[in-house]
Number of protein chains: 2
Amino acid sequence: MSAHDVRTVRTNVRANVRTVPGPCAHWNDQDADFIREILDLVGDKWSVLIIGTLESGPIRYSDLADAIPGISQRMLTLTLKQLRRNGIVTRTTYPEVPPRVEYALTELGASLLATVLALAAWSADHHAEILRHQTSFDSATAT
Amino acid sequence: MSAHDVRTVRTNVRANVRTVPGPCAHWNDQDADFIREILDLVGDKWSVLIIGTLESGPIRYSDLADAIPGISQRMLTLTLKQLRRNGIVTRTTYPEVPPRVEYALTELGASLLATVLALAAWSADHHAEILRHQTSFDSATAT
DNA sequence: CGGTATCCAGATGGATACTG
DNA sequence: CAGTATCCATCTGGATACCG
């Protein structure tokens with residue numbers, strides 16, 4: 001059923017991009033570009049973690065830092081800037097003392113989160129199978 | 001409709017992992033792990049390109065290299081090894097002269113390809129919107 | 001043909017110190 | 001509080017040469 005859902009979505013891409021709908025679409029060069037684009041967006045170390053943390057609603061910079069263990073200030077700032085540049089998050093400054101800055105998901109960001117969770121779904125579904133392959137491959141290689 | 005499909009899949013993850021189904025699931029720490037896992041799988045520069053090229057059926061090493069412009073022998077070999085390790089592709093050697101080696105997608109690989117195409121779908125759908133955000137952000141930053 | 005091995009440049013990201 | 005600036009280690013991947 002998961003496979004069926006994905007196929008539905010997949011047909012939609014092509015319908016939008018080249019108006020070639022149908023049940024049996026195939027990989028083409030355009031796909032490569034789109035994949036590169038989304039990997040640039042979320043393929044780094046922290047983007048999806050931040051997006052996921054923002055699901056609960058607007059959150060302050062420091063709370064974000066606390067919610068994402070291991071992230072450095074530098075990477076938090078840098079990644080947030082990229083996400084803002086791509087319209088995934090918004091930054092709102094409240095002129096108070098001490099200053100307060102809140103980050104929130106845009107609609108675009110929310111839809112990206114949903115897509116990313118589909119990825120997590122696949123990963124969860126096949127986690128065990130992948131692990132089995134890894135260990136069998138490693139033991140075969142070791143000998 | 002795309003959003004609905006994704007939500008369906010998303011609910012399934014949780015059902016499998018923590019048996020907490022329902023219409024309104026939320027991001028949790030498990031998701032982070034699964035995201036890391038799949039990003040390790042396809043977050044690099046060449047994996048998805050290779051997977052996409054393999055959709056058409058089994059293909060020789062050298063034909064694969066020709067089909068993916070810009071890839072070095074080193075990265076082709078390295079990436080193929082990772083994909084084999086994770087059970088995404090198989091390698092078959094034919095003891096002929098000259099030697100022939102064919103790579104093919106496994107079932108797991110095919111389902112991964114479908115999932116990745118869902119990502120491409122999102123990217124295609126929102127490509128224009130992202131571009132608009134980027135240019136407006138850049139011009140706002142430049143001044 | 002189908003790789004390996006070595007070397008090296010550039011990108012990524014962590015640690016630390018400092019600032020409005 | 002919410003960053004910025006600098007320095008540095010590691011990782012990724014390209015070029016090239018060589019091998020079974």
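Chain letters run A, B, ... following the sequence lines, proteins first, then strands; residues in each count from 1.
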_Backbone of Lys45(B) reached by a side-chain donor or acceptor of Arg36(A) within 3.5 Å_ = yes
*Between atom CG in Leu64(A) and atom P in dA2(D), what is the gap in whole Å?*
10 Å
*asked:* If you count every heavy atom of other residues, nucleotides or ligands that lies below 6.0 Å from Glu107(B) atom CD, does the total exceed 12?
replied: no
*Using whole Å, report how far CZ of Arg91(A) lies from P of dT4(D).*
8 Å
*Can you measure from CG (Leu113(A)) to CD1 (Ile50(A)) and round to the nearest 0.5 angstrom?*
13.0 Å
*Between Trp27(A) and Thr53(B), is any side-chain donor less than 3.5 angstrom from a side-chain acceptor?*
no
*With heavy atoms under 4.0 Å as the rule, sort Tyr94(A) into base, sugar-phosphate or nothing.*
nothing
*Return the value, rounded to whole Å, for the distance between atom CG of Leu76(B) and atom C1' of dG3(C).*
10 Å
_Base, sugar-phosphate or nothing for Ser62(A)? Non-hydrogen atoms, less than 4.0 Å._
sugar-phosphate
_Residue met sooner reading DNA chain C from 5', once Thr77(B) and Ser72(A) are mapped to nucleotides_ = Thr77(B)
*Figure out the CG/C1' separation between Asp66(B) and dC1(C), and round it to whole Å.*
12 Å
*Answer with base, sugar-phosphate or nothing: what part of the nucleic acid does Arg74(A) contact at a heavy-atom distance below 4.0 Å?*
base
*Expressed in angstrom and rounded to an integer, what is the separation of Arg60(B) atom CZ from dG3(C) atom P?*
11 Å
*How close or far is atom C1' of dC1(D) from atom CZ of Arg100(A), stated in whole angstroms?*
12 Å
